[in-house]
Amino acid sequence: MLNTRKRAGLLAIAFIVTAFPLMSQPAVPADEFSPEEATVASVHAALSASRATCVRIVESYLARIAAFDDKGPALNAIITINSRALQTAAEIDGQLRARRDTLRPLECIPVILKDNFDTADMPTTGGSLALAKSVPLQDAFVVRRLRDAGAVILGKANMTELALGGSSVSSMGGQTRNPYDLTRTPGGSSGGTGASIAASFGIIGTGSDTGQSIRSPASAQSLVGIRPTRGLLSRRGIIPASTTQDEVGPITRTVEDAARALTVMAGYDPEDPVTAFGWRPVAPVYTASLDANGLVGARIGVLQDLLGSEPIHEEVNAVVRRATERMSEAGATLVPIRIANFAALTEDTQLTQFEFKAAFNAYLASLGPNAPVKTLEGFIATGQFHDSIRGALAGYQRADDALNSVEYKQRLLRRDALRLAVMRVMAENRIDAILYPHQKRLVVPIGEEQVERNGVLSNSTGFPAIVFPGGFSPPTADAPLGVPVGIELVGAEWSEPVLIKLAFAYEQLAKIRRPPRSTPPLNR
């Protein structure tokens, strides 16, 4: 059964199509554009060659959401449909007729936002019923940049409530399912975004990553996810969990589309001062790093500390072995490495329990006088949230003056020690990046806690990381293609161009990604 928010959006779209029938009529046959596995480049080629209108393109993605999110495999990935999506597409078609062949970087590209990204024209719920009617005063900084680049926001995706976990279940949206294995979670907390992009509900998705929440859904669903260097992308207008650890970034099906999205989303925002560190006189264009021969001459460290050694880890380890063999065959040098005292260095580096309360209260204050709740205490008092986060919220509420605690300051020092250790091992081994599986074992079945994720090397250093498809586990009845396994690369600060080059070269060589069978092409 359609949830209320999706039903309202689809009804509004149906009214527009009925009231303005010419808007919904493509100028070309309906089968000239196929949304499944489409890319920014293929959409722009279709628009430039007049093989599709923007309205037709947007309609095709809305049709897939209608067919597969509540029906069929019932992925339950979308919380809100943007009722203005087709109207925006029609406006773009009119602009394109006036501009002729000039396309903005993301012209008519359907985007799915994680529902902790502020939108002034739709509620931003964080997956919580307590925030169901919360409409922010303005778009998040990166949302505004996406719109200015021509993107069409199709809707908002489900997530682990307030991004406090890795299972993608919430009081607002329920449980999202993994389209590759409907018995498993899609990773988290950006699992709704991941499932949407894996199932071709859109082309670009956004995620937030406090622990590993961009990279986990990418790994679990054969996608590309980038957690950028701290300071590259603004976090303003994102429901926060940790002011130190929070990052935002793209989730896509290809490295090229991730590079395109990152180029658009990056920029200095005076309301998030840490982005001053990412400012450059000439803004980077990350598509310039797309080199199919990028593995030739590369030196990549394979971090043994993040490989499992038990039978349950063998499916993932097999994918890593094959990936490193292919990289070596393509001209890269793979160097086994370890980080001395790794377990001690990575223990107790997380900061959410200390930073959440102050950050969340500041976010609620930014919503203005119409905010549905004013403080974390008031949020808890509503009782309108998923029971899985109750204990965490209670602990955060008790954390008075946490930013001045001795333990908080010790954790900051441990994070600095880890940063130094990572850079030392890179320097001593003369490596461009460090490689490991994002998860030591396959993403877990629904109802279990997400375990053995390897996000710490990026989330506790501020260094950038990229996850890309590495392979699949052996097929089963529940997972006819196998369960996706993601490879992660982490590098030094501002090394996004290097990581993109390496990931792109492997993607072009191995051609791992395959669409899930649970969401096949629609009859057109």
Side-chain angles (χ1 to χ4, degrees), residues 77 114 157 159-160 163 165-168 176-181 184-199 205-227 247 249-255 258 302-303 306-308 312-324 433-446 448-459 464-473 479 481-490 499 502-503 506-507 510 512-516:
K114 185 177 183 179
M159 55 184 286
T160 305
S167 58
S168 294
T176 299
R177 305 166 81 186
N178 189 321
Y180 288 92
D181 182 344
R184 294 181 186 265
T185 77
S189 62
S190 310
T193 299
S196 297
I197 301 305
T206 66
S208 63
D209 191 315
T210 305
Q212 43 263 315
S213 295
I214 291 170
R215 295 164 290 153
S216 173
S219 173
Q221 294 170 101
S222 200
L223 300 169
V224 178
I226 297 177
R227 177 188 166 103
E247 297 299 338
I251 299 175
T252 62
R253 290 185 292 274
T254 68
V255 176
V302 182
L303 186 58
L306 290 179
L307 293 170
I312 198 170
H313 303 126
E314 180 52 33
E315 290 172 310
V316 168
N317 289 347
V319 169
V320 174
R321 285 195 298 271
R322 180 59 180 140
T324 55
I434 298 173
L435 179 149
Y436 45 89
H438 177 74
Q439 283 199 203
K440 291 180 182 179
R441 65 174 75 177
L442 300 180
V443 66
V444 299
I446 290 170
E448 295 184 16
E449 287 295 319
Q450 212 64 252
V451 292
E452 296 197 289
R453 295 188 291 177
N454 289 332
V456 65
L457 215 59
S458 176
N459 70 43
I466 186 169
V467 165
F468 53 93
F472 292 83
S473 68
L481 296 176
V483 178
V485 174
I487 301 294
E488 182 161 343
L489 291 171
V490 70
L499 301 181
L502 297 175
Y506 182 76
E507 174 191 66
I512 296 295
R513 175 162 171 86
R514 287 174 282 171

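- Applying the ring pair (Phe, Tyr, Trp, His ring centres under 6.0 Å) test to Phe472 and every residue at least two apart in sequence or in another chain returns Tyr180.
- The two residues Leu307 and Pro437 come nearest to each other via the heavy atoms CD2-CD, 3.5 Å.
- Using modelled atom types, one finds a donor on one side chain and an acceptor on the other under 3.5 Å when comparing Lys114 with Ser190.
- A side-chain hydrogen bond (donor to acceptor under 3.5 Å, both in side chains) with Glu488 is found for exactly one of His438, Gln439, Arg453, namely His438.
- Here the side chain of Thr185 pairs no donor or acceptor atom with the backbone of Ser167 at under 3.5 angstrom.
- The side-chain contact (heavy atoms from CB on, under 4.5 Å) with Val490 is formed by just one residue from the set Leu435, Ile434, Leu303; it is Ile434.
- Applying the salt bridge (Lys or Arg N to Asp or Glu O under 4.0 Å) rule to Glu507 yields no partners; only residues at least two apart in sequence or on another chain are considered.
- Pairing each heavy atom of Val467 with each of Ala218, the nearest pair is CG1-CB, 3.9 Å.
- The nearest pair of heavy atoms linking Pro186 to Thr176 is CD-O, 3.2 Å.
- Inter-residue side-chain proximity for Gln221 and Asn178 is flagged as met; some heavy-atom pair is nearer than 4.5 Å.
- Considering only heavy atoms from C-beta on, Leu442 comes within 4.5 Å of Val485 through its side chain.
- Closest approach of Leu499 to Ala433, counting heavy atoms only: CD2-CB, 3.8 Å.
- Taking CG of Leu481 as the start and CG of Asp181 as the end, the distance is 10.5 Å to the nearest 0.5 Å.
- Across all non-hydrogen atoms, the minimal contact from Val443 to Gly187 is CG2-N, 3.8 Å.
- With rounding to the nearest 0.5 angstrom, the CE atom of Met159 is 8.5 Å from the OG1 atom of Thr193.
- At least one donor-acceptor pair under 3.5 Å links the side chain of Arg513 to the backbone N or O of Ser222.
- Contact annotation: the side chain of Val444 never approaches that of Glu449 to less than 4.5 Å [non-hydrogen atoms, C-beta and beyond].
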Q. Between Ser458 and Arg215, does a side-chain contact (heavy atoms from CB on, under 4.5 Å) hold up when you go through it step by step?
A. CA-CA 10 Å; Ser458 176; Arg215 295 164 290 153; 3.5 Å; yes
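- Considering CG of Leu489 and OH of Tyr506, their distance stands at 10.5 Å, rounded to 0.5 Å.
- Using a 4.5 Å cut-off on side-chain heavy atoms (C-beta onward), Phe468 and Ile512 make no contact.
- Defined by atom type and a distance below 3.5 Å, a donor-acceptor pair is missing between the side-chain atoms of Ser216 and Gln450.
- To the nearest 0.5 Å, atom OG of residue Ser219 and atom CD1 of residue Ile487 are 8.0 Å apart.
- In this structure, CG on Asp209 lies 7.0 Å from CG on Asn459, to the nearest 0.5 angstrom.
- Atom CG of residue Leu223 and atom CD1 of residue Ile214 lie 12.0 Å apart, to the nearest 0.5 angstrom.
- When all heavy atoms are compared, the tightest approach of Ser213 to Ser208 is CB-O, 3.0 Å.
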